[in-house]
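Before any comments, here is the structure.
All figures in this text were calculated on a predicted structure; none of them were measured in a lab. Note on naming: letters A, B, ... go to the chains in the order of the sequence lines (proteins, then strands), and numbering restarts at 1 for each one.
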There are 2 protein chains.
Amino acid sequence: MVDEKPVPSRKPRVDAQRNRVLLLETAKAAFADKGPGASLDEIARTAGVGAGTLYRHFPTRDALIEAVYRNETEQLVAAATQLAETHAPVGALREWLLLFVDYMAAKRGMQEALNSLVGGTSELYSASTEQMKRAIAQLLDRAAESGDIRSDLDGFDLLRALAGVANLGAGPDGMQAARRMVDILVAGMRTSAPSPE
Amino acid sequence: MVDEKPVPSRKPRVDAQRNRVLLLETAKAAFADKGPGASLDEIARTAGVGAGTLYRHFPTRDALIEAVYRNETEQLVAAATQLAETHAPVGALREWLLLFVDYMAAKRGMQEALNSLVGGTSELYSASTEQMKRAIAQLLDRAAESGDIRSDLDGFDLLRALAGVANLGAGPDGMQAARRMVDILVAGMRTSAPSPE
DNA sequence: TTTAAATACGGAGACACTCTCCGTTTATCA
DNA sequence: TGATAAACGGAGAGTGTCTCCGTATTTAAA
């Protein structure tokens with residue numbers, strides 16, 4: 001799957017760029033306000049553009065959602081590298097998982113939508129998903145190499161688990177629960193953890 | 001919250017019962033086939049009844065979903081008591097969590113819908129949710145009393161975590177991942193587990 | 001500049017889904 | 001058997017998604 005960009009033969013049009021930004025801002029507000037099910041046509045209307053324009057820029061709801069949260073996702077991803085440099089392997093992992101919980105919690109009401117970043121829900125194998133996968137893999141590999149944690153599990157599953165907890169537990173206690181879950185997960189992954197039997 | 005049944009002054013009509021069953025069967029097939037977003041009108045049409053009839057029996061999508069899976073949920077709940085009687089505390093917990101994973105996995109494609117049984121997504125505080133909560137609480141309390149696991153966590157969060165993993169990991173490897181997650185969770189909950197630092 | 005080609009725009013409209021309302025039908029029981 | 005409570009069905013109003021294509025704007029070449 002080679003990234004075959006169609007070679008831009010000219011400068012992108014300024015109105016197109018303007019509308020794109022306009023749509024992203026409007027969409028962010030709308031999602032925060034009405035949840036992930038906000039009407040796309042209404043977002044277009046509020047942004048002062050036609051429905052066609054919205055769909056041209058963002059063919060699917062997921063594409064729009066991903067674009068809206070791309071920045072914050074990138075910050076989170078960057079933090080992984082940062083933590084890897086400043087913390088011991090398991091500590092870095094734990095800290096990042098806590099950040100991930102915050103990330104999910106900060107978007108309360110948007111969780112269902114954000115699932116598409118952590119789950120196969122979305123049709124497109126989104127770029128953000130890929131980044132997120134790399135971020136957790138980086139931390140996990142490091143901790144596994146140091147021999148502190150078991151190496152037989154996909155880091156992405158950790159995120160799925162945390163997303164599950166953070167998603168469904170409403171209110172501020174949901175975040176507490178997710179934070180507790182981080183410690184349980186980290187403890188359970190350690191090579192020094194008790195075996196199932 | 002008293003169960004205030006409206007005192008049936010006559011026998012329930014047979015056609016009503018028949019249609020109810022018909023709808024449940026049709027809905028089960030439809031959900032399995034088209035996912036949780038299957039059109040309710042189409043379910044009604046396929047069942048050979050009017051839309052009004054469907055909505056009279058099941059006012060919301062969630063109500064229908066819950067009804068469809070009530071039986072299986074009840075079996076799962078019953079298994080908790082069973083396991084509690086025949087296994088050591090932690091073993092029973094672990095076994096039941098594995099059953100829960102199977103339960104989720106068996107409904108691949110339906111996961112999003114089933115979330116409403118494990119999450120606050122659904123408006124109604126459904127009876128099945130309540131049962132499920134009791135089932136896990138029962139096992140968890142027992143294991144906590146025996147001193148084997150920490151007592152500061154809500155069992156329902158475990159289910160949320162497992163649901164998260166099982167939901168989003170597509171394919172048969174998703175189930176593998178969820179099974180591994182069970183062991184991590186159980187290990188992490190043990191009082192003998194290593195502390196976060 | 002002017003102008004042709006490329007690009008983007010907008011919104012009408014086709015289609016799908018949800019859910020309600022109410023006139024009609026059917027089952028129950030006296 | 002007849003009265004009536006209970007249930008039925010489906011038309012239709014309201015809302016949403018997404019496409020299509022004639023029109024408008026921008027870019028860059030002349």
My understanding is that only residues two or more places apart in sequence, or in another chain, count here; which of them pass side-chain hydrogen bond (donor to acceptor under 3.5 Å, both in side chains) with B:R18?
none
Write down the distance between CG (B:L40) and C1' (C:dT20), rounded to a whole number of angstrom.
14 Å
I'd like to know if A:R94 pairs up with A:D183 as an ion pair, taking the criterion as any Lys NZ or Arg NE/NH1/NH2 lying under 4.0 Å from an Asp or Glu carboxylate oxygen.
yes
Side-chain contact, heavy-atom cut-off 4.5 Å: A:L93 with A:L97?
yes
Check the phosphate of C:dT26 against B:R13, side-chain N and O only, distance under 4.0 Å to OP1 or OP2. Yes or no?
no
Looking only at side-chain atoms of A:A16, point me to the closest of C:dA5, D:dT17, C:dC9.
C:dC9
Under 4.0 Å, heavy atom to any atom of DNA chain D: which of residues 44-59 of chain B qualify?
B:G48, B:V49, B:G50, B:A51, B:G52, B:T53, B:R56, B:H57
By nearest heavy atom, map B:R18 and B:E42 onto DNA chain C; which one lands nearer the 5' end?
B:E42
Using every non-hydrogen atom in the two residues, find where B:P36 and B:R61 come nearest and quote the distance to one decimal.
O-NH1, 2.8 Å
Please check if the side chain of B:S128 supplies one atom and the backbone of B:E66 the other of a donor-acceptor pair under 3.5 Å.
no
For B:D41 and B:D15, take the nucleotide of DNA chain C holding the closest heavy atom to each; which residue's nucleotide lies nearer the 5' end?
B:D41
Could you check which residues of residues 19-30 of chain A get a heavy atom under 4.0 Å from DNA chain C? Sort them by number, please.
A:N19
Return the value, rounded to whole Å, for the distance between atom NZ of B:K11 and atom P of D:dA5.
19 Å
Hey, does A:R70 have a side-chain heavy atom less than 4.5 Å from the side chain of A:E74?
yes
Taking 4.0 Å as the cut-off, does a side-chain nitrogen or oxygen of A:S39 come that near to OP1 or OP2 on D:dT15?
no
The test is side-chain hydrogen bond (donor to acceptor under 3.5 Å, both in side chains); show your working for A:S146 and A:D148 and say whether it passes.
CA-CA 6 Å; A:S146 75; A:D148 293 331; 2.9 Å; yes
Qualifying residue for side-chain contact (heavy atoms from CB on, under 4.5 Å) with B:L54, from B:L23, B:D41, B:T26
B:L23
